[in-house]
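Report on the following structure.
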Protein chains: 2
Amino acid sequence: MSKPTPSQSEEALKLQEARDEFVAQWGTMGSAWGVNRTMAQIHALLMITTRPLSTDDIMEDLRISRGNAHMNLRELVGWGLVRSVIRKGERKEFFEAEKDVWKMFCIIIRERKRREIQPAIAVLKGCIERVNALKSDEAEAFSTQTKALCKFMETADSVLSRVARSEESTVLPWALNYLAR
Amino acid sequence: MSKPTPSQSEEALKLQEARDEFVAQWGTMGSAWGVNRTMAQIHALLMITTRPLSTDDIMEDLRISRGNAHMNLRELVGWGLVRSVIRKGERKEFFEAEKDVWKMFCIIIRERKRREIQPAIAVLKGCIERVNALKSDEAEAFSTQTKALCKFMETADSVLSRVARSEESTVLPWALNYLAR
DNA sequence: AACAACTTTCAGTATTTCCTGAAAGTTCTG
DNA sequence: CAGAACTTTCAGGAAATACTGAAAGTTGTT
């Protein structure tokens with residue numbers, strides 16, 4: 001003799017479970033790609049929440065300290081994945097995530113390029129420079145390999161720039177879906 | 001009254017410095033992308049070394065323990081980025097890296113797809129499934145967002161599959177270089 | 001079978017990375 | 001200006017991750 005339809009609280013519970021799983025999983029994924037777990041979790045939480053959240057909301061939902069929430073929110077704002085919202089008449093700051101997945105994708109590409117690919121290219125060039133004058137076989141091999149890597153990264157940098165031009169965030173899904181067939 | 005040309009040992013020193021810097025830097029890059037530093041360093045070392053190296057060579061060069069060297073070499077072999085070489089008449093195992101940057105790239109894409117993207121898609125689908133029946137506004141929003149992410153990842157998975165087809169590792173550089181202009 | 005050459009494992013430890021919480025800082029309000 | 005509301009910082013502690021080294025395992029040789 002169970003109720004014919006699930007109660008509201010049962011439904012709310014199920015939803016909460018799914019949300020929690022999503023948040024946890026996004027955190028795990030983050031780690032795999034070199035992003036701190038909490039930052040990824042906050043991002044996940046904001047992505048699936050319609051209303052903007054305060055630092056306290058986030059602290060409560062994820063059970064993390066104020067400092068942790070604060071720092072990671074700043075990071076996310078720094079990446080451009082989250083923006084802060086201020087409501088008239090309220091002193092508290094609220095946060096909301098960019099929800100468009102293609103825009104997210106472009107932002108992430110742009111930032112990764114800037115933070116990791118470009119510096120790596122610079123270092124590679126430094127290495128290449130330093131052995132330029134040398135001409136042992138080992139130096140030759142080193143030079144060849146680092147140059148190949150450098151060229152590769154420059155190509156990647158350039159291709160990614162084109163892919164991530166923000167104006168194209170409407171064209172991109174289209175083009176890639178086509179490629180994906 | 002310094003020597004007119006640098007001595008061999010001076011040259012060797014310079015090369016060693018450049019190699020060390022490259023290895024260190026590749027390690028740092030690894031961390032940024034969620035790869036353990038030592039694993040990336042071993043990979044770097046093997047990439048810039050022509051002759052295959054033994055575990056002992058690597059231990060010595062990077063000043064790491066046998067266990068560490070061993071485990072990370074196995075990981076690299078598991079990724080397919082390094083293969084082991086056995087020389088006739090020698091019992092020791094040697095290792096060499098795939099040196100072709102485009103092949104490397106394809107391998108990494110394939111493995112990341114398999115290890116991270118595909119499991120993530122599966123989890124997302126699970127989440128979507130669980131809230132399918134629910135119909136509150138919040139459930140609706142959650143569903144919409146997770147579906148968008150899921151679709152995105154499936155597209156990415158598919159595009160990457162095409163990009164990383166091994167047969168194309170000659171076409172790929174060409175195509176991407178064109179795109180990069 | 002005994003030994004040598006080499007590989008593998010893993011408990012304990014070191015290192016890195018992340019998080020907490022409380023104190024100090026800032027901005028607003030009456 | 002005093003106090004409330006909120007944000008920021010960061011020293012010290014906790015947790016996650018990676019590493020060591022030695023012992024056990026494997027394979028080949030005499």
Is [X] close enough to [N] that one of its side-chain N or O atoms is under 4.0 Å from OP1 or OP2 there?
X	N	answer
B:R74	C:dT8	yes
B:R87	C:dC6	no
A:N36	C:dC19	yes

From [atom1] of [X] over to [atom2] of [N], roughly how many Å is that when rounded to an integer?
X	N	atom1	atom2	result
B:M39	D:dC19	CE	C1'	16 Å
A:M59	D:dC6	CE	P	13 Å
A:I42	C:dC18	CD1	P	13 Å
B:Q41	D:dA18	CD	P	13 Å
B:D56	C:dA5	CG	C1'	11 Å
A:E75	D:dT7	CD	C1'	17 Å
A:L53	D:dT7	CG	P	13 Å
B:I64	C:dT15	CD1	P	15 Å

Query raised in the report: Where each residue is assigned the nucleotide of DNA chain C containing its nearest heavy atom, which of B:R91 and B:H70 is assigned the position nearer the 5′ end?
Result: B:R91

Query raised in the report: When you match B:R66 and A:S65 each to their closest nucleotide on DNA chain C, which lands nearer the 5' end?
Result: B:R66

Query raised in the report: Any ion pair linking A:K135 and A:E140 (charged N to carboxylate O, less than 4.0 Å)?
Result: no

Query raised in the report: Is it true that B:E111 and B:R114 make a salt bridge, defined as a side-chain N closer than 4.0 Å to a carboxylate O?
Result: yes

Requested in this report: Answer yes or no on whether B:R112 is positioned over the face of B:W79, meaning its NZ or CZ is under 6.0 Å from the six-membered ring centre and within 45° of the axis.
Outcome: no

Report task. With B:R83 as the cation and B:F95 as the aromatic partner, state whether NZ or CZ is under 6.0 Å from the six-membered ring centre and within 45° of the axis. Result -> no

**Report entry** Closest to the A:R37 side chain, choosing from D:dT20, D:dT17, D:dT8
**Finding:** D:dT17

Query raised in the report: Of the nucleotides C:dC19, C:dT7, D:dC10, which has the atom closest to the B:K92 side chain?
Result: C:dT7

Query - Exceeds 12 heavy-atom contacts within 6.0 angstrom, atom CD1 of A:I86 - result: no

Requested in this report: For A:E90 and for A:N68, find the nucleotide of DNA chain D with the closest heavy atom, then tell me which residue's nucleotide is more 5'.
Outcome: A:E90

Report summary line: Between A:M71 and A:F94, whichever has its closest DNA chain D nucleotide further toward 5' is A:F94

